[in-house]
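Report on the structure given below.
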Amino acid sequence: MYEVTLNEAEQRLTEYIAKKRIAFHQHDESVVQKKREHWERDQVEIDREGFGGEIAYCKFMNLYPDLESDLSSPDYDCMSCNGEKIDVKTTKYKDGHLIVPVNKITHPADKYVLVIGEFPVYNIAGQCGADQLFKEENIRDFGKGPGYTLCQNKLEDVL
(Lines give C-alpha, C1' and ligand atoms only; values in the text may rest on other atoms or scores of the structure.)
Protein backbone atom coordinates (compact mmCIF):
# COMPACT_ATOMS: atom_id res chain seq x y z
CA MET A 1 0.00 0.00 0.00
CA TYR A 2 1.06 3.53 -0.69
CA GLU A 3 0.23 6.29 1.79
CA VAL A 4 -0.87 9.70 0.51
CA THR A 5 -1.61 12.70 2.71
CA LEU A 6 -3.59 15.54 1.19
CA ASN A 7 -2.00 18.95 1.67
CA GLU A 8 -4.00 22.00 2.76
CA ALA A 9 -4.97 23.01 -0.78
CA GLU A 10 -6.07 19.47 -1.65
CA GLN A 11 -8.09 19.30 1.57
CA ARG A 12 -9.86 22.56 0.73
CA LEU A 13 -10.55 21.36 -2.81
CA THR A 14 -11.96 18.10 -1.43
CA GLU A 15 -14.27 19.95 0.97
CA TYR A 16 -15.42 22.31 -1.80
CA ILE A 17 -16.22 19.56 -4.33
CA ALA A 18 -17.98 17.45 -1.67
CA LYS A 19 -20.26 20.38 -0.77
CA LYS A 20 -20.92 21.19 -4.45
CA ARG A 21 -21.89 17.57 -5.14
CA ILE A 22 -24.30 17.61 -2.22
CA ALA A 23 -25.81 20.91 -3.38
CA PHE A 24 -26.24 19.53 -6.90
CA HIS A 25 -28.28 16.59 -5.59
CA GLN A 26 -30.36 18.52 -3.05
CA HIS A 27 -33.06 18.99 -5.68
CA ASP A 28 -33.38 15.21 -6.11
CA GLU A 29 -34.72 14.03 -2.75
CA SER A 30 -34.80 10.40 -3.93
CA VAL A 31 -30.99 10.39 -4.33
CA VAL A 32 -30.48 12.03 -0.92
CA GLN A 33 -32.96 9.67 0.82
CA LYS A 34 -31.40 6.58 -0.78
CA LYS A 35 -27.97 7.54 0.55
CA ARG A 36 -29.39 8.28 4.01
CA GLU A 37 -30.97 4.82 4.15
CA HIS A 38 -27.71 3.07 3.22
CA TRP A 39 -25.19 4.92 5.35
CA GLU A 40 -24.97 5.89 9.00
CA ARG A 41 -22.64 8.81 8.21
CA ASP A 42 -23.80 12.20 7.03
CA GLN A 43 -23.64 13.16 3.37
CA VAL A 44 -20.78 15.64 3.77
CA GLU A 45 -18.58 12.95 5.29
CA ILE A 46 -19.51 10.40 2.61
CA ASP A 47 -18.71 12.77 -0.26
CA ARG A 48 -15.58 14.15 1.43
CA GLU A 49 -14.14 10.65 1.95
CA GLY A 50 -15.04 9.56 -1.57
CA PHE A 51 -13.57 12.57 -3.30
CA GLY A 52 -10.61 12.60 -0.90
CA GLY A 53 -9.78 9.07 -2.05
CA GLU A 54 -10.02 10.19 -5.68
CA ILE A 55 -7.68 13.14 -5.06
CA ALA A 56 -5.22 10.90 -3.19
CA TYR A 57 -5.10 8.37 -6.04
CA CYS A 58 -4.74 11.07 -8.68
CA LYS A 59 -1.98 12.76 -6.67
CA PHE A 60 -0.11 9.48 -6.34
CA MET A 61 -0.48 8.59 -10.04
CA ASN A 62 0.08 12.17 -11.27
CA LEU A 63 -3.36 12.32 -12.91
CA TYR A 64 -5.93 15.09 -13.03
CA PRO A 65 -9.17 14.28 -11.16
CA ASP A 66 -12.67 14.91 -12.47
CA LEU A 67 -13.70 18.09 -10.64
CA GLU A 68 -17.28 18.01 -11.91
CA SER A 69 -19.93 18.32 -9.20
CA ASP A 70 -22.66 16.89 -11.47
CA LEU A 71 -22.36 13.19 -10.70
CA SER A 72 -24.85 12.14 -13.37
CA SER A 73 -21.90 11.70 -15.75
CA PRO A 74 -19.34 10.29 -16.38
CA ASP A 75 -19.09 6.81 -14.84
CA TYR A 76 -15.43 7.18 -13.90
CA ASP A 77 -13.32 9.47 -11.72
CA CYS A 78 -10.21 10.02 -13.82
CA MET A 79 -8.46 8.86 -16.95
CA SER A 80 -4.98 7.43 -17.28
CA CYS A 81 -2.43 8.79 -19.73
CA ASN A 82 -3.27 5.96 -22.14
CA GLY A 83 -7.02 6.63 -21.98
CA GLU A 84 -8.14 4.05 -19.42
CA LYS A 85 -11.25 5.12 -17.49
CA ILE A 86 -10.63 4.69 -13.75
CA ASP A 87 -13.24 4.48 -10.99
CA VAL A 88 -11.88 5.02 -7.46
CA LYS A 89 -13.68 3.46 -4.48
CA THR A 90 -12.84 4.61 -0.96
CA THR A 91 -13.46 2.97 2.42
CA LYS A 92 -12.35 3.82 5.93
CA TYR A 93 -12.07 0.15 6.92
CA LYS A 94 -8.48 -1.16 6.97
CA ASP A 95 -9.65 -4.62 5.90
CA GLY A 96 -12.20 -3.15 3.47
CA HIS A 97 -13.12 -4.61 0.10
CA LEU A 98 -13.39 -3.08 -3.33
CA ILE A 99 -17.15 -2.89 -3.82
CA VAL A 100 -18.80 -1.70 -7.02
CA PRO A 101 -22.61 -1.55 -7.33
CA VAL A 102 -24.05 -4.14 -9.71
CA ASN A 103 -25.59 -1.45 -11.93
CA LYS A 104 -22.08 -0.25 -12.89
CA ILE A 105 -21.77 -3.24 -15.24
CA THR A 106 -23.90 -1.38 -17.80
CA HIS A 107 -21.32 1.46 -18.05
CA PRO A 108 -18.10 0.01 -16.65
CA ALA A 109 -14.84 1.82 -16.20
CA ASP A 110 -11.73 0.06 -17.50
CA LYS A 111 -10.09 -0.11 -14.07
CA TYR A 112 -11.25 0.00 -10.44
CA VAL A 113 -9.05 1.18 -7.58
CA LEU A 114 -9.48 0.69 -3.83
CA VAL A 115 -8.35 3.50 -1.54
CA ILE A 116 -8.43 3.06 2.24
CA GLY A 117 -8.29 5.77 4.86
CA GLU A 118 -9.91 8.79 6.41
CA PHE A 119 -9.58 12.39 5.40
CA PRO A 120 -6.83 13.59 4.87
CA VAL A 121 -4.66 10.41 4.96
CA TYR A 122 -5.27 7.59 2.48
CA ASN A 123 -3.61 4.37 1.35
CA ILE A 124 -3.77 3.12 -2.21
CA ALA A 125 -4.61 -0.58 -1.68
CA GLY A 126 -4.75 -1.94 -5.23
CA GLN A 127 -6.59 -2.14 -8.52
CA CYS A 128 -8.28 -4.54 -10.91
CA GLY A 129 -9.67 -4.51 -14.40
CA ALA A 130 -13.40 -4.62 -15.15
CA ASP A 131 -12.98 -8.11 -16.63
CA GLN A 132 -11.55 -9.37 -13.33
CA LEU A 133 -14.23 -7.69 -11.19
CA PHE A 134 -17.46 -8.24 -13.13
CA LYS A 135 -17.87 -11.96 -12.57
CA GLU A 136 -20.94 -13.63 -11.10
CA GLU A 137 -18.88 -15.25 -8.32
CA ASN A 138 -17.78 -11.78 -7.12
CA ILE A 139 -21.30 -10.59 -6.23
CA ARG A 140 -21.77 -10.18 -2.46
CA ASP A 141 -24.02 -8.19 -0.17
CA PHE A 142 -22.55 -6.66 2.98
CA GLY A 143 -25.96 -5.33 4.03
CA LYS A 144 -26.11 -2.30 1.71
CA GLY A 145 -27.21 -4.10 -1.45
CA PRO A 146 -25.39 -6.42 -3.84
CA GLY A 147 -22.12 -5.38 -5.40
CA TYR A 148 -19.19 -6.80 -7.30
CA THR A 149 -16.61 -7.34 -4.57
CA LEU A 150 -12.93 -8.21 -4.33
CA CYS A 151 -10.90 -8.44 -1.14
CA GLN A 152 -7.56 -6.65 -1.01
CA ASN A 153 -5.44 -9.76 -1.58
CA LYS A 154 -7.13 -10.22 -4.99
CA LEU A 155 -6.13 -6.72 -6.18
CA GLU A 156 -3.06 -5.89 -8.25
CA ASP A 157 -0.46 -3.33 -7.29
CA VAL A 158 -1.14 0.10 -8.84
CA LEU A 159 2.46 0.52 -10.03
Side-chain angles (χ1 to χ4, degrees), residues 1-61 63-79 85-109 111-128 130 133 138-152 155 158:
M1 275 201 252
Y2 306 96
E3 186 173 290
V4 178
T5 300
L6 303 183
N7 63 34
E8 183 181 346
E10 292 158 343
Q11 290 177 39
R12 287 182 182 201
L13 175 63
T14 299
E15 295 279 358
Y16 175 78
I17 294 294
K19 289 175 184 171
K20 292 300 276 184
R21 287 181 175 178
I22 291 166
F24 179 81
H25 286 291
Q26 288 302 320
H27 71 280
D28 190 345
E29 185 58 33
S30 64
V31 171
V32 174
Q33 184 60 35
K34 185 178 178 185
K35 287 188 176 188
R36 274 192 207 118
E37 291 168 0
H38 279 1
W39 306 106
E40 295 79 31
R41 301 177 293 159
D42 70 31
Q43 195 60 47
V44 174
E45 183 182 353
I46 292 168
D47 285 345
R48 180 182 58 224
E49 294 299 348
F51 190 67
E54 294 171 27
I55 291 283
Y57 174 75
C58 288
K59 178 179 183 174
F60 182 74
M61 298 301 289
L63 298 173
Y64 194 80
D66 179 8
L67 301 178
E68 183 61 59
S69 58
D70 171 0
L71 294 179
S72 59
S73 64
D75 292 321
Y76 54 91
D77 299 315
C78 58
M79 192 173 285
K85 298 173 189 167
I86 303 166
D87 192 357
V88 178
K89 299 299 181 188
T90 306
T91 183
K92 66 180 181 178
Y93 302 107
K94 290 183 173 140
D95 61 345
H97 295 72
L98 174 67
I99 303 173
V100 176
V102 292
N103 66 343
K104 291 275 191 164
I105 196 168
T106 59
H107 296 95
K111 187 185 299 183
Y112 292 86
V113 175
L114 176 61
V115 175
I116 298 171
E118 292 185 77
F119 185 78
V121 180
Y122 298 94
N123 289 286
I124 316 302
Q127 67 183 7
C128 71
L133 180 64
N138 291 337
I139 297 177
R140 291 186 57 192
D141 189 339
F142 289 98
K144 309 287 186 199
Y148 290 96
T149 304
L150 286 178
C151 49
Q152 293 178 40
L155 300 175
V158 295

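Computed from heavy atoms alone, side chains included, the values below leave out hydrogens, waters and symmetry copies. As the structure is a prediction and not an experimental result, all values here were calculated from the model.
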**Item:** Backbone N/O of Thr5 and side chain of Lys59: donor-acceptor pair under 3.5 Å
**Value:**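 Indeed, once roles are kept as given, a pair shorter than 3.5 Å links the two residues.
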**Asked** Taking the side chain from Glu54 and the backbone from Leu67, do they hold a donor-acceptor pair closer than 3.5 Å?
**Response**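 Pair absent, no side-chain N/O of Glu54 close to backbone of Leu67.
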**Item:** Under the salt bridge (Lys or Arg N to Asp or Glu O under 4.0 Å) test, residues paired with Glu15 that sit two or more places apart
**Value:**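 Checked Glu15 against salt bridge (Lys or Arg N to Asp or Glu O under 4.0 Å); matches are Arg48.
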Measuring from [X]:[atom1] to [Y]:[atom2], what's the distance to the nearest 0.5 Å?
X: Leu13; Y: Gln11; atom1: CG; atom2: CD; value: 11.0 Å
X: Lys104; Y: Thr106; atom1: NZ; atom2: OG1; value: 9.0 Å
X: Asp77; Y: Tyr112; atom1: CG; atom2: OH; value: 10.0 Å
X: Gln127; Y: Leu133; atom1: CD; atom2: CG; value: 12.5 Å

Sequence neighbours excluded, which residues qualify as side chain to side chain donor-acceptor pair (under 3.5 Å) partners of [X]?
X: Lys85; answer: none
X: Arg140; answer: none
X: Tyr16; answer: none

Where do [X] and [Y] come nearest, in terms of heavy atoms and distance?
X: Ile139; Y: Pro146; answer: CG2-CB, 4.0 Å
X: Asn7; Y: Ala9; answer: OD1-N, 3.1 Å
X: Met1; Y: Ala125; answer: CG-CA, 3.7 Å
X: Gly96; Y: Gln152; answer: O-NE2, 2.9 Å
X: Leu98; Y: Cys128; answer: CD2-SG, 3.6 Å
X: Leu6; Y: Glu10; answer: CA-OE1, 3.2 Å

**Side chain to side chain, Phe142 and Thr149, heavy atoms closer than 4.5 Å** =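 Sidechains of Thr149 and Phe142: in contact.
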**Asked** Got Asp87 and Asp75 here, is their nearest side-chain heavy-atom distance under 4.5 Å?
**Response**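 Not in contact.
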Of all residues at least two apart in sequence or in a different chain, which pass the side chain to side chain contact (heavy atoms under 4.5 Å, CB included) check with [X]?
X: Asp95; value: Tyr93
X: Cys78; value: Tyr57, Cys58, Leu63, Ile86
X: Ile105; value: Phe134, Tyr148

Show which side-chain atoms of residues 114-124 pair as donor or acceptor with protein atoms under 3.5 Å away, not counting sequence neighbours.
| from | atom 1 | to | atom 2 | distance (Å) |
| --- | --- | --- | --- | --- |
| Tyr122 | OH | Glu49 | OE1 | 3.0 |
| Tyr122 | OH | Phe119 | N | 3.4 |

**Prompt:** Residues two or more places apart in sequence or in another chain: which of them pass ring-ring contact (aromatic ring centres under 6.0 Å, His included) with Tyr76?
**Reply:**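 ring-ring contact (aromatic ring centres under 6.0 Å, His included) list for Tyr76, sorted by chain: empty.
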